[in-house]
Amino acid sequence: MEKPAVCGGVPVRDTKIYYGHQYIDEADVAAVVDVLRHHDLTCGPKIGELERKLCEITGAKYAVVCSNGTAALHIACLAAGIGGGDEVITTPITFAASANCALYCGARPVFADINEETYNIDPKEVAAQVTERTRAVVAVDYTGQSVEEEELLEICRKNHLVLIEDGAHVIGTKYKGRPNGSIADMTTFSFHPVKTVTGGEGGAVLTDNEEYYKKLLLYRSHGITRDAGLLEREPDGPWYYEQIDLGFNYRMTDIQAALLISQLDKLPMFSARRKEIVARYDEAFAKLPQLRVQKEIPESDTTRHLYILRLAPERLKINRREFFDALGAENVCCNVHYIPTYYFPYYERLGYRRGICPKAEKLYEEIISLPLYYAMTDQDVEDVIHAVTKIAQYYARE
Ligand SMILES: Cc1ncc(COP(=O)(O)O)c(C=O)c1O
């Protein structure tokens, strides 16, 4: 049996591979340089062009791009009318922003447990958490797999809740043949560099609802408007504008928008490669009893942003930390997504305690995010599989 590098064996790779990496080509560079040669670095024509492109790709009526995915969640919550005393249901297996957006509005995040096989928020657990104070559900398409839209929409319609889909991972995925972004009341995207397409930073909110759209525009830019239909007073000149609400500077630059437009041209190519890598990982890991493969719901045609390796602790002599370190010694540099949000000291100080979502807590103990990105070569993929297999077999418990 092959000896893992962590106990003196030869590492699978000479060079390190990381869990995520952007792919930038010459077209992306040229698109950015072109903006730099023109007048508008922000609030220029690339913003509308990107918004139209996101609508085309997702089928949503309206898109509002903004500075990042966190800002997108914040303005989506504000547009949904979330405020003090409200409750917002979300999953703990996500980045902190999915719950923080409720706190920004003075609302209380309520955590609903996950489905132990798909790792997404479980609609039954959501239904169990609804109270008369619940205002919205922030449903995260964890790893890029679509949440169970139909079931969540039914709960939201029945209880008069707004369904905000945190689609930071989901671009490129379809639910029952419809692109995610056109299904929930509002869907947010993130364009951070580890995501499938990037603008360096960036975010967007997609919706079919005109009322939300108008509010999103206001909240993105200080609550300021020049829209004649919204002005409360008579303009005293062509420079005139009014602040009619309290908003933020959450604008995206034209530099970011140009990069994103160019990146989105490559979305089908990014998507296809990610699917190939995931299929190869799934095929290899399904054969190993020491590991579990994330279940896909048949409705989701998934472009995976993250690949989650789940350990079967009863079949291994080492724990997740030791497995993680053993992969590092093979030069396979991984990550863990995510620490349950309510574990953080800040959330503890707000009164949250461990034990709220046992399935999510168990998942957290057993997962490692493996390298997954467009530019991985077939050899990179095989190296990762080799390293994982070597460690799983060496430390197998009979
Ligand atoms: C699920 C999820 N929601 C929200 C965000 C926030 O996005 P951003 O980093 O663009 O603010 C992220 C980013 O990592 C995320 O993974």
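Bear in mind the structure is a predicted one, so any value in this text is a computation, not a measurement. All ligand and atom numbering here is 1-based and tracks the order in the structure.
The backbone and the side chain of T70 each have at least one atom closer than 4.0 Å to an atom of ligand 1 (non-hydrogen atoms only). Under 4.0 angstrom from ligand 1, the non-hydrogen atoms of Y338 all belong to its side chain. Contact annotation for N68 and ligand 1: heavy atoms of both the backbone and the side chain come within less than 4.0 Å of the ligand.
Here the options are K275, K174, Q145, the test is side chain to side chain donor-acceptor pair (under 3.5 Å), and the partner is D301; only K275 passes. Screening E296, Q294, H337, H305 for a side chain to side chain donor-acceptor pair (under 3.5 Å) with T143, the sole residue that qualifies is Q294.
To the nearest 0.5 Å, atoms CD1 (I155) and OG1 (T134) are separated by 11.0 Å.
A cation-pi arrangement is absent between R273 and Y23 under the rule of less than 6.0 angstrom and at most 45 degrees off the ring axis. Taking the ring axis of Y343 as reference, the NZ or CZ atom of R354 stays within 45° of it and closer than 6.0 Å to the ring centre.
With hydrogens left out, the protein atom closest to atom 9 (O) of ligand 1 is S190 OG, 4.0 Å, a heavy atom. Looking only at protein heavy atoms, the nearest one to atom 2 (C) of ligand 1 is A168 CB, 3.3 Å. In this structure, atom 16 (O) of ligand 1 lies nearest to the protein heavy atom H169 NE2, 2.9 Å. In terms of protein heavy atoms, atom 8 (P) of ligand 1 is closest to G69 N, 3.4 Å. Nearest to atom 4 (C) of ligand 1 among the protein's heavy atoms is D166 OD2, 3.5 Å. Nearest to atom 5 (C) of ligand 1 among the protein's heavy atoms is F95 CD2, 3.7 Å. Scanning the protein for heavy atoms near atom 13 (C) of ligand 1, the closest one is K195 NZ, 3.1 Å.
Ring to ring, Y347 and Y352 are close: their centroids are under 6.0 angstrom apart. The six-membered or imidazole ring of H74 lies near that of Y250, with a centre-to-centre distance under 6.0 Å.
Near S98, meaning under 4.0 Å from any of its heavy atoms, are these atoms of ligand 1: 3 (N). Residue V140 approaches ligand 1 through these ligand atoms, each under 4.0 Å from one of its heavy atoms: 1 (C).
Of all non-hydrogen atoms in V126 and I89, the two that sit nearest each other are O-CD1, 3.7 Å. In terms of heavy atoms, Y373 sits closest to Y19 at CD2-O, 3.9 Å.
Residue L73 places no N or O, backbone or side chain, under 3.5 Å from any N or O of ligand 1. Considering both main-chain and side-chain atoms, H192 never comes within under 3.5 Å of ligand 1 through any nitrogen or oxygen pair.
Ligand 1 lies out of reach of G203, whose nearest heavy atom is not under 4.0 Å from it.
Among V170, V194, T94, the residue whose heavy atom sits closest to atom 1 (C) of ligand 1 is T94.
Both Y142 and Y281 are assigned to one and the same hydrophobic cluster, defined by single-linkage of ILVMFWY side chains at heavy-atom distances under 4.5 Å.
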